[in-house]
Amino acid sequence: MSELSSRYNLKDAEKRLYQEWETKGTFRPRSDHGKPASGKPYVIVIPPPNVTGILHMGHALNNSMQDILVRWNRMKGRDTLWVPGVDHAGIATQNVVEKKLAKEKKTRWDLGREKFLEEVWKWKHEHGNTITRQLRRLGASCDWTRERFTMDEGCSKAVREAFVTLYERGLIYRGHYIINWCPRCQTALSDEEAAHKDVQGGLYHIKYPMIGKNPPYEKMGEDHMVVATTRPETMLGDTAVAVHPNDSRYKHLIGKKILLPLVNREIPVIADEFVDPEFGTGIVKVTPAHDPNDFAMGHRHKLEQVNILTPDGKINEKGGAYKGMDRFEARKRVLQDLEAQGLFVRRDSHLHAVGHCYRCDTVVEPYLSKQWFVKMQPLAEKALKAYDQGKTVFYPDRWTKVYLNWLRGIRDWCISRQIWWGHQIPAWYCRSCQTAGKEDVIVSRTTPENCPHCKSKNIQQDPDVLDTWFSSWLWPFSTLGWPEKTKDLEKFYPTSDLITAPEIIFFWVARMIMAGLEFRGEVPFNRVYIHGTVRAQSGLKMSKSLGNVIDPLEVIEEMGADPLRYSLVMLSAQDVYLSREKFEVGRNFTNKVWNACRFVLMQLQDLAFASTDSKQFEGLELSLPSRWILSRFEEKAAQIEKHLSQFEISQAAIELYHFVWDDFCDWYIELAKPMILSQDAALKLQTQKALFFVCEKILRLLHPFMPFVTETIWQQFKNKAQDSSQWADTLMLAPWPVEARGRFEDRRAQQAIGMLQEAVSGIRDLRARFQIAPSDKLKAVVVCKEKETQEILKTFEREVKVLARLEELRCVQEFQKKGAMVGNVFTAFDVFISLEGILDLEEEKKRLQKKIKETEQWIENILKKVENPSFAEKAPKEILEKEKEKLTDAKNLLISYQNQLASIG
RNA sequence: GCGCGGUUAGUUCAGUUGGUUAGAACGCUUCCUUGACAUGGAAGAGGUCAGAGGUUCGAGUCCUCUACCGCGCACCA
């Protein structure tokens, strides 16, 4: 009968549908097609996934949410743009290609810079579009004609512009500082890229002998001093020992000399307030080249900086006998040798935070080297000011504090990386000027041919590249054309919302805000929505190494993109804990929608009457169920709209789920069935109209959440409708169905259907409890407490009979029980069925007794409240009224229960 | 160490500015293949809202403390 099968299966249809949308240009802004738009443009830039990325659940959630917002705004008629793109992910991508080379037993140095970069570009062209292909599978309605890459020509130009501008403004400098160094990647990292993890390590106590004293060293403070360190190998670079100036234990030693063991270097005992006398022995070894604090101390005391490490984490020639050893090997050997010399005191177990490379998890070294930095304080001040002016709004609000705390404690940003894949720093050094002892740095937007100072051609570009985030922080405007003055930039900047995960608030969100203000004088987006993190059921992050990943593409293959999206979004009120079964919610719901629509299609072979216009109901005497569902629809649509506008996406999805499933499917469709089968042609027609109308509107509400299924069915609707000329080409462009409030508002219908639902459920409950087979003919009586109730329920006699499978139903106000009857009670009425041949009513007696107790307790509670003089005095009137109503209801219930008990007892 | 979350039904979680007898999903029990859907329908059981104080007429909701879990940040060697 229908061409739709009883289970949706859109595996192939999804791809086809997506292609159609894309090729027709539906994802592009209305203004691209010269179409009018309403309101301000709605613009989102995608958090660009790494070019090495493959879609994981975090992406799936993030992009589902963006797509929901984008599709919703598009349907609202706004000029809508979602800019997609990919990040070149400097270190990550270089690592991938280096690993590939390693399989051929080659290193990047074997190839040389140029050849290596060719290899990376080759890799990018072959594998770099995996993630964008996968985003399409998810249904992401990005404007792919505007797709960008952080290393494309435009973005590269933006990077240069940004660098040079900051340099010109005195906000970029180069200098020797302690930075985080990854010995495996062999590059500097920013503070954010060195992730601190707690490590159970050792705190080693070591004797440093005083000059002129001989072993055995026994008197602390006289012939030796004991230092405590977590990294013993760094002692090879010690250039002092420090104590607190007021520490009476050691005051007499300040200015004395110590003989640094193993290297036999004379080093001074200095006094510095940094030292905490309480910690360890109160004596600190000072290693200015390998510790940020020691570095600062070294500056204060003009100490020598002895770098003992090679870039790959081995001991260099300054380490004497330890030269060539890996740093951890050297640690062991240093300890052994100290022990052999009687200088090792003890090892305490010690929990401390150790920096790890966020790309390869190697322990990073604080390392002294010459790097480029951005002076962040002035940028942060602008961002803080923008916040004060209300220009930065985070959802949920709690992230604001995280953001502000970071800005307030901001430190300079190390932006140079000693890798090859990335934007090479636009700085050149002039050999001639250098030799002449003059300023040798040339920073330029264009590649210079010779030195602007001395005209020498002997210039060389800085070999380092910029931190990947140095291009990402420009993303909201570089993707729109900056630094060129493009139409897109003018039209779509600043963007509307940024949707992202909490992990990159510092890396990306905060920096984008700073860049936006610095380069464009405006915040880059009006609102920031931070959604939850996706975790495995166990609570751990999903990661390949833990083997606990659920591949979103497998879910798409198995169930479809819509179930994946809906499940994720429904679960996303906070962090999302996933297991395979959790996707069944979305799958079942998608199937429910599919079948409900299939039913509607089947009922309406002839859709000539089908209209999506609400005016069709004007002057029409609609039945109560239809009035009810229209009223519910209007109410729910407004709620969903409200939730979406506040980024309560999961709440919107949950509301929609219940409206569709409970109200529309379980009640309205069931109520509509007898009306459609009715002999009353007018009733039949208006029911069909309402059924169709609401169903089509539901498809619109659902579309942002489950685009594929809804579009598929909607096209069926459209094909069948006689006059489809007024329909949009695609559901994607059909107007969002939130109309002027109150058009369908109908409290009476809501109240009436509420009663009907109670009556039907009450009878069904009796049926179930007394095990009356569905086929058994049943007579029921509804005893109404008010005449009005009786009248309302009378109009539903037929519906109740069908839904509760009754042979006979009587609605009365006065009722004399005859024979054995059992019932259920409600505030406005009681329902009864007659029992034949059922003798055991003990269970029912117990149940009623329990109910009576509960109700008595309830009444008592209300009385306690109402009779409290201060309640009457202080509570608002409406609450007081409510309580009184409750009391009446409760008393009515109690009477009903007592009557019931008496009647069967 | 500082900060931020969380602790509600067997499980995973909602619960908006304090105001019906605290909800949902999954799971569980019972019944049902009725012409949209068994990825379904009907009904049911299940919670002293982590603990202790406090504010209030009224607290799951606000305040304080405690316990446990998670996550950030941080230079205690």
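Chain letters run A, B, ... following the sequence lines, proteins first, then strands; residues in each count from 1.
- Partners of Arg300(A) under the side-chain hydrogen bond (donor to acceptor under 3.5 Å, both in side chains) rule, at least two apart in sequence or in another chain, are Asp272(A).
- Spacing between G18(B) and U64(B) at atom P, rounded to whole Å, works out to 16 Å.
- Tyr566(A) has its ring centre no less than 6.0 Å from the ring centre of Phe583(A).
- Whole-Å rounding puts the Leu601(A) CG to C37(B) P distance at 14 Å.
- In this structure, the CG atom of Leu671(A) is 16 Å from the C1' atom of U34(B), given to the nearest Å.
- Classification of Glu883(A) and Lys886(A) as a salt-bridged pair holds, one side-chain N sitting under 4.0 Å from a carboxylate O.
- With rounding to whole Å, Arg847(A) atom CZ is found 14 Å from A43(B) atom P.
- Partners of Pro876(A) under the side chain to side chain contact (heavy atoms under 4.5 Å, CB included) rule, at least two apart in sequence or in another chain, are Glu878(A), Ile879(A).
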Problem set entry | Heavy-atom protein contacts under 4.0 Å, nucleotides 2-17 of chain B, coded B base, S sugar-phosphate only, - none | -SSS------SSS---
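- Legend: residues meeting side chain to side chain contact (heavy atoms under 4.5 Å, CB included) with Val660(A), ordered by chain and number and at least two apart, are Phe589(A), Val593(A), Leu656(A), Cys665(A), Ile698(A), Leu702(A).
- Within 4.0 Å of Pro876(A), counting heavy atoms only, lies at least one base atom of the nucleic acid.
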Identify the pairs formed between an N or O of the protein and an N or O of nucleotides 28-31 of chain B at a distance under 3.5 Å, and give each distance.
none

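- In this structure, Trp661(A) does not reach the A36(B) phosphate: none of its side-chain N or O atoms is under 4.0 Å from OP1 or OP2.
- The ring of Phe394(A) has its center closer than 6.0 angstrom to the ring center of Tyr403(A).
- Note on Glu844(A) versus Arg769(A): salt bridge recorded, some NZ/NE/NH1/NH2 to OD/OE distance being below 4.0 Å.
- Note on Leu893(A): a base of the nucleic acid sits closer than 4.0 angstrom, heavy atoms only.
- Using a 4.0 Å cut-off between charged side-chain N and carboxylate O, Asp348(A) and Arg346(A) make a salt bridge.
- Both the sub-6.0 Å distance and the 45° axial angle are satisfied by Arg764(A) relative to the ring of Trp667(A).
- Stem regions annotated for RNA chain B: B:1-7 with B:67-73, B:10-13 with B:23-26, B:28-32 with B:40-44, B:50-54 with B:62-66, counting only runs of 3 or more consecutive pairs of Watson-Crick or G-U type with both contacts under 3.5 Å.
- With sequence neighbours left out, the side-chain hydrogen bond (donor to acceptor under 3.5 Å, both in side chains) criterion links Glu758(A) to no other residue.
- When every heavy atom of Gly532(A) is checked against every heavy atom of Leu61(A), the shortest pair comes out as O-CD2, 3.8 Å.
- Minimum atom distance to the side chain of Asn591(A) is reached by C37(B), of the listed G44(B), C37(B), U56(B).
- Distance check on atom P: A14(B) versus C75(B) gives 33 Å, rounded to whole Å.
- Neither OP1 nor OP2 of U56(B) sits under 4.0 Å from any side-chain N or O of Ser870(A).
- A distance of about 40 Å separates the C1' atoms of U7(B) and C32(B), rounded to the whole Å.
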Could you go through nucleotides 73-77 of chain B and list every protein N or O atom that sits under 3.5 Å from one of its N or O atoms, giving the distance for each pair?
residue : atom : partner   : partner atom : Å
A74(B)  : OP1  : Arg411(A) : NH2          : 2.8
C75(B)  : OP1  : Arg411(A) : NH1          : 3.1
C75(B)  : O2'  : Asn293(A) : ND2          : 2.9
C75(B)  : N1   : Asn293(A) : OD1          : 3.2
C75(B)  : O2   : Asn293(A) : OD1          : 3.0
C75(B)  : O2   : Asn293(A) : ND2          : 3.3
C76(B)  : O2   : Asp276(A) : OD2          : 2.8
C76(B)  : N3   : Asp276(A) : OD2          : 3.3
A77(B)  : OP2  : His350(A) : NE2          : 3.1
A77(B)  : O2'  : Ala228(A) : O            : 3.3
A77(B)  : N6   : Asp276(A) : O            : 2.7
A77(B)  : N6   : Phe279(A) : O            : 3.1
A77(B)  : N1   : Asp276(A) : N            : 3.1

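- Both Val585(A) and Lys886(A) lie near RNA chain B, and the one whose nearest nucleotide falls closer to the 5' end is Lys886(A).
- For residues 233-242 of chain A, the set of pairs meeting the side-chain hydrogen bond (donor to acceptor under 3.5 Å, both in side chains) definition, not counting sequence neighbours, comprises Tyr208(A)-Asp238(A), Glu233(A)-Arg331(A), Thr234(A)-Lys285(A), Asp238(A)-Lys285(A), Asp238(A)-Thr287(A).
- The side-chain hydrogen bond (donor to acceptor under 3.5 Å, both in side chains) pairs that include a residue from residues 669-678 of chain A are Glu670(A)-Lys673(A), where partners are two or more places apart or lie in different chains.
- Straight-line distance between the C1' atoms of A9(B) and A24(B): roughly 11 Å, to the nearest whole Å.
- In this entry the distance linking CZ of Phe583(A) with C1' of C26(B) reads 14 Å, nearest Å.
- Using C1' as the reference atom, G60(B) and C13(B) are 14 Å apart when rounded to the nearest Å.
- When distances run from any side-chain atom of Arg764(A) to the nucleotides C57(B), A42(B), A24(B), the shortest one goes to A42(B).
- Computed from coordinates, the Asn595(A) CG to A38(B) P distance equals 7 Å when rounded to whole Å.
- Taking the side chain of Asn588(A) as heavy atoms from C-beta on, and the options A36(B), G41(B), G40(B), the nearest nucleotide is G40(B).
- Partners of Tyr367(A) according to the side chain to side chain contact (heavy atoms under 4.5 Å, CB included) rule, which considers only residues two or more places apart in sequence or in another chain, are Ile179(A), Trp181(A), His290(A), Asn307(A), Leu309(A), Pro311(A), Ser369(A).
- Contacts between residues 850-867 of chain A and RNA chain B, defined by a heavy-atom separation under 4.0 Å, are made by Trp858(A).
- The same atom, P, is picked in U66(B) and in A42(B); the two are 49 Å apart, to the nearest Å.
- In this structure, the side chain of Arg767(A) does not engage the main chain of Ile763(A) through any donor-acceptor pair within 3.5 Å.
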